[in-house]
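Bear in mind that the values here come from a model prediction, so they are computed numbers and not experimental data.
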Amino acid sequence: QVQLVESGGGLVQAGGSLRLSCAASIRTFRLNTMGWFRQAPGKEREFVAAINWTGGNIAYAASVKGRFTISRDNPKNTLYLQMNSLKPEDTAVYYCAATQRMGLEGPYDYWGQGTQVTVSS
């Protein structure tokens, strides 16, 4: 069973930065596709960013493009999300997800428990 554990969430002022991490319990090269999703209160979960195992194929939601950067360190079995120029509307629980399937669109088979990101205005 694959376990994903997120960390790095917290409270930050608008315009600030945070870096989320997701540690995988297995070698991440076995997880062809990894991604970040988020869910704000009262809203459905939405896609944020995804990356393939080489890092050569990356996708972002339009709302975060240019502000967020997804990356992965396969030797460390870790996925990252660098979030800059944060806005109050970025407030959500952020989830790490992964799959052994190819294709950034998923579906994703493994999910973390989530980490809260709160951006104050």
Pairs flagged by disulfide (SG to SG under 2.5 Å) wherever [range] is involved - sequence neighbours left out:
{"range": "residues 34-117", "result": "C22-C96"}
{"range": "residues 35-90", "result": "none"}
{"range": "residues 37-86", "result": "none"}

Sequence neighbours excluded - salt bridge (charged side-chain N to carboxylate O under 4.0 Å, His left out) pairs with any residue from residues 61-71: R67-D90
Quick one: salt bridge (charged side-chain N to carboxylate O under 4.0 Å, His left out) pairs with a partner in residues 49-64, sequence neighbours left out? none
If the condition is ring-ring contact (aromatic ring centres under 6.0 Å, His included), which residues does Y108 pass it with, not counting sequence neighbours? F37
Test side-chain contact (heavy atoms from CB on, under 4.5 Å), reference V117, set L11, L20, V93, output is L20
Just to verify, what does Q3 make a side chain to side chain contact (heavy atoms under 4.5 Å, CB included) with, not counting sequence neighbours? S25
Output all residues satisfying salt bridge (Lys or Arg N to Asp or Glu O under 4.0 Å) with E46, sequence neighbours left out; order by chain, then residue number. R38
For R101, which residues count as a salt bridge (Lys or Arg N to Asp or Glu O under 4.0 Å) partner, sequence neighbours excluded? D109
Would you please name every residue forming a side chain to side chain donor-acceptor pair (under 3.5 Å) with Q39, sequence neighbours left out? none
How would you list, by chain and number, every residue that makes a side chain to side chain donor-acceptor pair (under 3.5 Å) with T118, sequence neighbours excluded? Q116
Apply side chain to side chain contact (heavy atoms under 4.5 Å, CB included) to L81 and T69, showing your working. CA-CA 6 Å; L81 184 68; T69 302; over 6 Å; no
How does the hydrophobic cluster around M102 look, that is, which other residues are in it when side-chain heavy atoms under 4.5 Å mark a link? none
Classify the angle between the aromatic ring planes of Y94 and F68 as parallel (below 30°), tilted (30 to 60°) or perpendicular (above 60°). tilted
